[in-house]
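Report on the structure given below.
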Amino acid sequence: MRRKLVAGNWKMNGSRESIKALLDGIKSGLDSVGNAGVAVCPPAVYISDVMAQLEGTAVAVGAQNCATEASGAYTGEIAVAMIKDCGCQYIIVGHSERRTLYGEDDAVVAKKFAAVRTAGLTPILCVGETLAEREAGVTEAVIARQLDAVIELEGIAAIGDSVIAYEPVWAIGTGMTATPEQAQDVHAFIRGKLAGLDAAVAENVVIQYGGSVKGSNAAELFAKPDIDGGLIGGAALDPEDFLAICRAAG
Ligand code: 13P
């Protein structure tokens with residue numbers, strides 16, 4: 001039985017002060033969340049602060065990005081081992097903002113995915129189509145290509161230790177959520193594609209939905225059979241909204 005996972009991707013938002021208020025709010029409502037897994041992914045400079053503030057809670061911490069390389073002369077980069085050293089469990093790889101704004105192609109994303117797994121952390125692998133790709137009818141082909149890049153490098157078993165996040169690019173930060181049916185169709189496609197390679201991996205892998213998830217629409221998304229929680233952007237910055245999403249998953 002898959003356990004739903006709600007992860008907040010804070011992106012490049014927050015300050016020490018606002019993060020303390022956000023975490024105080026989240027911690028005060030954790031009793032009501034039920035049995036969903038909960039994680040937050042702060043900007044890297046705040047990971048240690050966040051870890052300290054979440055000590056003794058069941059909330060996991062993740063990073064939003066990592067280097068492809070293990071260590072060395074890579075100014076400005078942050079290695080997976082450093083992220084692990086700070087206590088993180090998850091690292092987001094292949095977010096569409098990294099793909100489009102920072103030119104990360106499938107090969108780079110696959111390399112990061114491999115680096116995360118080598119360290120024993122859990123990658124949250126983001127996949128998703130742009131609006132133009134959806135309108136051109138190539139949604140499934142795009143997602144298959146994004147998954148295949150990782151599977152070809154790391155093998156299908158690696159997907160079993162990972163989290164996949166389906167994030168249609170057109171739904172991110174736009175308020176334009178995919179309908180539960182649109183999301184479920186793609187989630188079912190992903191699970192079906194994986195099942196063609198390994199039925200157990202497909203059955204067990206957590207597939208999150210991301211893209212304008214809010215407290216008000218989470219329950220109907222998470223009610224779909226192949227949607228195992230969410231990767232939350234804007235709404236994860238509001239403790240009440242984030243907790244409402246966690247409750248919808250729990
Ligand atoms: P929003 O929830 O703000 O649409 O962002 C989704 C996202 O990109 C999470 O990674």
Side-chain angles (χ1 to χ4, degrees), residues 4-14 18-19 22 26 36-44 46-47 50 59-66 83 88-102 104 109 112-113 116 121-131 133-134 139 142-143 146-147 150 162-180 182-183 186-187 190 206-222 224 227-249:
K4 286 189 168 52
L5 173 67
V6 175
N9 173 9
W10 295 353
K11 307 191 181 184
M12 198 174 72
N13 292 295
S18 73
I19 286 171
L22 174 55
I26 292 172
V38 177
V40 295
C41 302
Y46 295 122
I47 285 173
V50 167
V59 180
V61 180
Q64 300 173 13
N65 182 32
C66 63
I83 294 166
C88 285
Q89 182 179 343
Y90 297 101
I91 303 181
I92 299 170
V93 297
H95 191 281
S96 67
E97 288 149 18
R98 302 290 323 167
R99 292 179 189 262
T100 57
L101 302 174
Y102 300 97
E104 293 188 9
V109 173
K112 291 187 176 188
F113 180 97
V116 176
L121 300 188
T122 304
I124 299 179
L125 170 66
C126 299
V127 296
E129 81 289 2
T130 63
L131 186 58
E133 288 164 341
R134 174 162 283 262
T139 296
V142 167
I143 287 162
Q146 291 171 335
L147 289 171
V150 168
S162 312
V163 172
I164 295 173
Y166 168 56
E167 299 206 315
V169 179
W170 47 273
I172 295 177
T174 58
M176 215 163 82
T177 324
T179 65
Q182 281 175 321
V186 177
H187 283 236
I190 293 170
V206 167
I207 308 177
Q208 299 177 310
Y209 169 78
S212 299
V213 179
K214 303 180 273 285
S216 55
N217 61 19
E220 53 177 1
L221 285 160
F222 300 165
K224 292 293 178 190
I227 302 183
D228 308 318
L231 185 57
I232 318 301
L237 300 172
D238 179 286
E240 289 314 316
D241 223 9
F242 187 64
L243 285 166
I245 295 166
C246 294
R247 278 194 295 273

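First listed ligand is number 1; within each ligand, the first listed atom is number 1.
- Distances from ligand 1 to the non-hydrogen atoms of Ser212 include at least one value under 4.0 Å.
- Arg99 contributes a side-chain N or O that, together with a main-chain N or O of Cys126, makes up a donor-acceptor pair within less than 3.5 Å.
- Interface of Glu167 with ligand 1, defined as ligand atoms under 4.0 Å from a residue heavy atom, comprises 6 (C), 7 (C), 8 (O), 9 (C), 10 (O).
- Judged by distance alone, with hydrogens and angles left aside, the side-chain atoms of Ser18 form no donor-acceptor pair with the main-chain N or O of Gly14 at under 3.5 Å.
- For ligand 1, the atoms sitting less than 4.0 Å from at least one non-hydrogen atom of Gly211 are 4 (O), 6 (C), numbered in the order shown with element in parentheses.
- The nearest protein atom to atom 6 (C) of ligand 1, hydrogens excluded, is given as Gly233 N, 3.7 Å; this is a heavy-atom distance.
- Both the backbone and the side chain of Leu231 come within contact range of ligand 1, each with a heavy atom under 4.0 Å.
- Look at Lys11 and you'll find a heavy atom under 4.0 Å from some atom of ligand 1.
- Side-chain atoms of Gln146 come within 3.5 Å of backbone atoms of Gly128 as a donor-acceptor pair (strictly under, hydrogens ignored).
- Shown in contact with Gly173 at under 4.0 Å from a heavy atom are these atoms of ligand 1, numbered in order with element: 1 (P), 3 (O), 4 (O).
- Ring planes of His187 and Tyr209: tilted class, angle from 30 to 60°.
- Two residues are said to be in side-chain contact when any heavy atoms from C-beta on lie closer than 4.5 Å; Ile91 and Lys112 fail this criterion.
- For ligand 1, the atoms sitting less than 4.0 Å from at least one non-hydrogen atom of Ala171 are 4 (O), numbered in the order shown with element in parentheses.
- Which parts of ligand 1 touch Asn9 is read off a 4.0 Å heavy-atom cut-off, strictly below it: atoms 9 (C), 10 (O).
- Below 4.0 Å from some heavy atom of Gly234 lie the following atoms of ligand 1, by number and element: 1 (P), 2 (O), 3 (O).
- For Cys126, the heavy-atom gap to ligand 1 stays at 4.0 angstrom or more.
- A distance-only check finds no donor-acceptor pair linking the side chain of Asn9 to the backbone of Gly233 [under 3.5 Å].
- One side chain, Glu167 or His95, offers a donor N or O that lies under 3.5 Å from an acceptor on the other.
- Atoms of ligand 1 found under 4.0 Å from any heavy atom of His95, numbered from 1 in the order shown, are 7 (C), 8 (O), 9 (C), 10 (O).
- Counting only distance, with no hydrogens or angles, the side chain of Thr130 and the backbone of Val169 share no donor-acceptor pair below 3.5 Å.
- Residue Ala235 does not touch ligand 1, judged by heavy-atom distances below 4.0 Å.
- Judged by distance alone, with hydrogens and angles left aside, the side-chain atoms of Glu129 form no donor-acceptor pair with the main-chain N or O of Arg134 at under 3.5 Å.
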